[in-house]
Amino acid sequence: MTATRDRTDSLFDGTGSRLLAAADVSQVSDDTLERLRLPRSVLKVSIPLRMDDGSLRSVPGYRVRYDDTLGPTKGGVRFHPRVNVDEVQSLAFWMTFKCAALDLPFGGGKGGVTVNTKELSLHELERLARGYIDAIADFIGPDVDVPAPDMYTNAMVMGWMLDQFCTIRRAFTPAVVTGKPIPLGGSHGRDTATADGAFFVLSTLLPKLAEQGRAKAREDGPTVAIQGFGNAGAQLATLLAEDGYRVVAAADSSRAIYNPDGMDVASLRAVKAETGSLPENAGEPVDPEDFVELDVDVLVPAALEDVITADNAERVKARVVLEVANGPTAAAADAILADNGVTVMPDILANAGGVTVSYFEWAQNKGGVRWTADDVRHRLRERMVTEGESIWALARDRDVSLRTAAYAQGLERISEAVDATGAAADYQRTR
Ligand code: NAD
């Protein structure tokens, strides 16, 4: 069976329409596209979970290793009631390009457990995390597949997973998971990595856009709207405010507020930490549905997927969209934004600070060393600036969007590695 760029029976149709756009402007062998058509392996497990009331439940779980051409597969474990094998597979596919675009020595993987953690006690959650590792232990390892936190899994869950893996292997193996607590081998800077990375990307690319008249310069105090005031969004708000941006709008799951004079980020964070919601009185209320249409210079979706769609893209007024969330822009909205002169700094680059510091954590564990917080931040900045600059250059040289350029950069790296062990053309020459 031969892979072609227009085959219609593969994942490339759904998750991968953007990848196909990148393949059209890249030097990529057909071998690579054929290789990426199917996941390396897909593991389905059931986890026997003893509940606090003595009953037993079988909980479905998954681990997908999509592609390991560039290194051990890497990706988070999601505990969520909607998790299914297709979702995990799509996310593993997407991780493959994110790692490659950032030049990390990892392939793409993902895991998930179909469960509502809000219905579990802490004891039940611990038994579930340990049971998941019991079920997938033969499938993971520092040189094979390295899980990390994702939705509804946190540092403590990673600590349980590490402990369980070490018990099974009879060896302390910290590099088997990332996002661990620091005393167990976690890295400084992991908690702020996504916001730091997004900030470095914006700081690198905004001056280039401003020079071309496509965005307001940082010196002119651009206004920002941040949708999602959690780990990533709130920390990014602090960094932006400290750097001279004006945070004029913010939204969380309970409310959206707008204040054209700018808001005090420290007090927004303090109220959010104390009450769980943004303050009511820091600005005027905005209909959450209209949030992405606010008249600001930089829009930061940092909560949910698919918030900019073919239905509302025409009304997005920001000149720059910094995608901190995964998949906040529907594929159908890409062309509308581009036609209207809106530059999207794509998720695959803009939120890659998290996986980059996960790589630093893995590297520290493998090397038996610990880096300081300053060292981690310095290395992160270097990586985000270097990869952001090269994606910018690729977009300019091939006249494509930053998103297509980011995918192309990842795809070409995978292709070079695939072809290094012989491409179809080599074999056909020697036949
Ligand atoms: P989080 O759970 O800490 O925060 C999410 C925030 O979004 C909360 O403030 C919540 O109130 C808000 N929210 C939920 N529904 C909303 C709605 N309908 N409208 C507006 N706000 C809403 O999550 P996080 O870790 O900050 O992640 C946010 C996004 O960034 C997710 O898409 C995640 O996949 C992505 N991301 C996070 C990381 C990371 O390291 N944290 C890394 C890569 C990507």
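Values in this document were obtained by computation on a predicted structure and should not be read as measured data. In each ligand, atom 1 is the first atom listed, and ligand 1 is the first ligand listed.
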Q: Hey, are R403 and D347 close enough for a salt bridge, meaning a charged N less than 4.0 Å from a carboxylate O?
A: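 Answer for the salt bridge query: yes.
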Q: Who pairs with W371 by ring-ring contact (aromatic ring centres under 6.0 Å, His included), at least two apart in sequence or on another chain?
A: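 For W371, the residues satisfying ring-ring contact (aromatic ring centres under 6.0 Å, His included) (neighbours in sequence not counted) are F360.
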Q: Give the protein residues with at least one non-hydrogen atom closer than 4.0 Å to an atom of ligand 1, ordered by chain and number.
A: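 Residues within 4.0 Å of ligand 1: R190, T194, Q227, G228, F229, G230, N231, A232, A251, D252, S253, K272, A302, A303, L304, V324, A325, N326, N351.
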Q: Can a salt bridge be assigned to the pair D375 and R379 using a cut-off of 4.0 Å between side-chain N and carboxylate O?
A: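 A salt bridge links D375 with R379.
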Q: If the condition is ring-ring contact (aromatic ring centres under 6.0 Å, His included), which residues does Y359 pass it with, not counting sequence neighbours?
A: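 For Y359 the ring-ring contact (aromatic ring centres under 6.0 Å, His included) partners, ignoring immediate neighbours, are F106.
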Q: Would E87 and K110 pass as an ion pair if we require N to O under 4.0 Å?
A: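 Salt bridge flag = no for K110 with E87.
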Q: Partners of T238 by side chain to side chain donor-acceptor pair (under 3.5 Å), sequence neighbours excluded?
A: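 R269.
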